[in-house]
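Down below is the structure, laid out as structure tokens.
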Number of protein chains: 2
Amino acid sequence: MTTMGYSGSDPSATVCAEMIEAVRAAEDVDGIHRVCSRLCREVGFDHFIYGAQFPVSLVRPRIVIISGYPAEWREHYDASGYLTADPTVHHCATRSTPVVWRDLAAAGRRRQKEARFWGEAGEYGLRSGVSFPIHGKSGEFGMLSLASTEPHFKMDAAIRRVLPIGQLLATYMHEASRAVFDQECLPIRYDGLTTRERECLLWTAEGKTAWEIGNILGISERTVVFHLKNVTEKLNVTNRAQAVARAVACGYIQPRLSR
Amino acid sequence: MTTMGYSGSDPSATVCAEMIEAVRAAEDVDGIHRVCSRLCREVGFDHFIYGAQFPVSLVRPRIVIISGYPAEWREHYDASGYLTADPTVHHCATRSTPVVWRDLAAAGRRRQKEARFWGEAGEYGLRSGVSFPIHGKSGEFGMLSLASTEPHFKMDAAIRRVLPIGQLLATYMHEASRAVFDQECLPIRYDGLTTRERECLLWTAEGKTAWEIGNILGISERTVVFHLKNVTEKLNVTNRAQAVARAVACGYIQPRLSR
DNA sequence: CTCGTAACTGTCAGTTCTTGCAGGAGACGA
DNA sequence: TCGTCTCCTGCAAGAACTGACAGTTACGAG
């Protein structure tokens, strides 16, 4: 096989490039919605939905939904508390690979709530589809789903074809929605910690006491306390546990592969 | 445009399906290496490298490297401390979208260390390429890079073509390496926390004291302490800060979209 | 009905954290 | 040279956490 095996007219490459440009250019939620809506049609699906949660607060994370799903289904979904039963959400929350609904439906046939979930989804016009997970560096989590009113066996080829481009597009959608989102809550994303502060915080996250950290870093316990006090002020939190939670969730401390 | 715009002989779809099967079937690091090596050749690149870090410990994360890079370059890379200067690592650590090296090289032309980095990479046979980031739910972070000895302008088309399949494959590689990795340190990934324990931990991560959490949950301060004590034992950590760090890093507390 | 588990509550002693106060040394840019 | 920033240090009081002992209640599985 040669490098040129792919060359010539590969239609998906063109569509792909166009879509990426479109998503990149989108400046607000509506823009993303339009692009995704178009993609959905062009690759032969009927509905799409993109959802993401940003761990601004661990107890009340910020949720973003860009929906091309039937409104009635979404209402029913929420009312039935399907978020915790939906196997596509479970898959996407725990893995990084896309998942074809057919595979999940087959595996979950025996669980009652799950079986009912698939049955009712079908009644609302969601009979087959595929979901793409996206995880971000700050622990934010999103997923893009494409659905069809056609049954599984009719969509097989379309789903296989959409796998690569779908996953790629999901990453761009995620970045786009993050950019839009970041405009709203930038202050929380700034750390501005000094090296020493980050070191102290890191060892705190490892369960060390101030005294122990002092020994490790060769400074006095008092100085460690001083640095950690500055950390809690900079991150605008009330104690070390919350500082650690925020720093880990936002990726401030995760030994620096980045600059 | 119709759904069938893609149908017929789309060579990348076939390659894609084959590769995914191969990665899925890979049972160890060598297996992943073989598959990736083959992909690399088939899509017209000369070198590949996959790296991932698993936040088992925040201070000393576990690093996994599956390398198809020239050994000399890797040695020089480590010796020069390029991990912190490498703009591809920086991009992948902070974003979810793939990045074409040409774009980064253009942006970083003015920074000294970065300019030297690109120059030396070229001398070792890495003149153009593309990198795909993968983030996982537990904060683990990986990246797959494909590189060529050819200059940017000659690889343009190949890079554009490999974008979708590369990103998809990166997710499967990540899952595969995670599966291999999980075999080694499964105990740390098990939480087994009860609902109440997770609730208490969650509020702790929000900076609440035991007394406050007791008020929030309508139970006594003593009971909260009791639950948190159980949490530190189950997670095998020494205090609440470390429990929070581990729970956030491993995704135990991030209000449950999952079951 | 027994067993295991989750959830809940109490007291007490010792350790650690949090927050005030006050101050010094060195690096760096305006 | 001055101001700012980072890093460092001491003391002290009160709040919060940790660990150990000793229980009760509720519920489902076997």
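Just so we're clear, the structure is a prediction, and the values are computed from it rather than from any experiment. Chain naming here is simple, since letters A, B, ... match the order of the sequence lines and numbering starts at 1 in each.
The minimum heavy-atom distance between A:C200 and A:V224, with the atom names listed, is SG-CG1, 4.1 Å.
With a 4.5 Å cut-off on side-chain heavy atoms, B:R74 and B:I49 count as touching.
Between B:I213 atom CD1 and C:dC8 atom P there is a gap of 13 Å when expressed in whole angstrom units. The interatomic distance linking A:W211 (CH2) with C:dT15 (C1') rounds to 13 Å, in whole Å.
Partners of B:Y50 under the ring-ring contact (aromatic ring centres under 6.0 Å, His included) rule, at least two apart in sequence or in another chain, do not exist in this structure. Here A:R196 pairs with A:E199 under the side-chain hydrogen bond (donor to acceptor under 3.5 Å, both in side chains) rule; sequence neighbours left out. Residues passing the side chain to side chain contact (heavy atoms under 4.5 Å, CB included) test with B:R222, sequence neighbours excluded: B:S220, B:V225, B:F226. By the side-chain hydrogen bond (donor to acceptor under 3.5 Å, both in side chains) test, B:Q167 is found to be paired with no residue, residues two or more places apart in sequence or in another chain being considered. Looking at residues two or more places apart in sequence or on another chain, you find a side chain to side chain contact (heavy atoms under 4.5 Å, CB included) between A:S131 and A:T88, A:C92, A:V99, A:W101, A:M143, A:S145. Take A:F117 and apply the side chain to side chain contact (heavy atoms under 4.5 Å, CB included) test, not counting sequence neighbours, and it matches A:W73, A:Y77, A:Y82, A:D86, A:P87. Annotation: side chain to side chain contact (heavy atoms under 4.5 Å, CB included) contacts of A:S128 (sequence neighbours excluded): A:S148, A:H152, A:M155.
A heavy-atom distance below 4.0 Å to DNA chain D is reached by these residues of residues 216-229 of chain A, ordered by number: A:I219, A:S220, A:R222, A:T223, A:F226, A:H227.
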Could you list the protein-to-nucleotides 25-27 of chain C atom pairs, N/O on both sides, closer than 3.5 Å?
none

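If you walk DNA chain D from 5' to 3' and mark each nucleotide with an atom closer than 4.0 Å to a heavy atom of chain A, the marks span D:dT6 to D:dC11.
Comparing the helix axis at one end of the helix from C:dC1-D:dG30 to C:dA30-D:dT1 with that at the other, each defined from 5 consecutive pairs, gives an inter-axis angle of 60° (nearest 10°).
When the nearest nucleotides of DNA chain C are assigned to A:E233 and A:K208 by heavy-atom distance, the more 5′-ward of the two goes with A:K208.
Contacts classified as salt bridge (charged side-chain N to carboxylate O under 4.0 Å, His left out) and involving residues 119-132 of chain B (residues at least two apart or in different chains) are given here: B:R116-B:E120.
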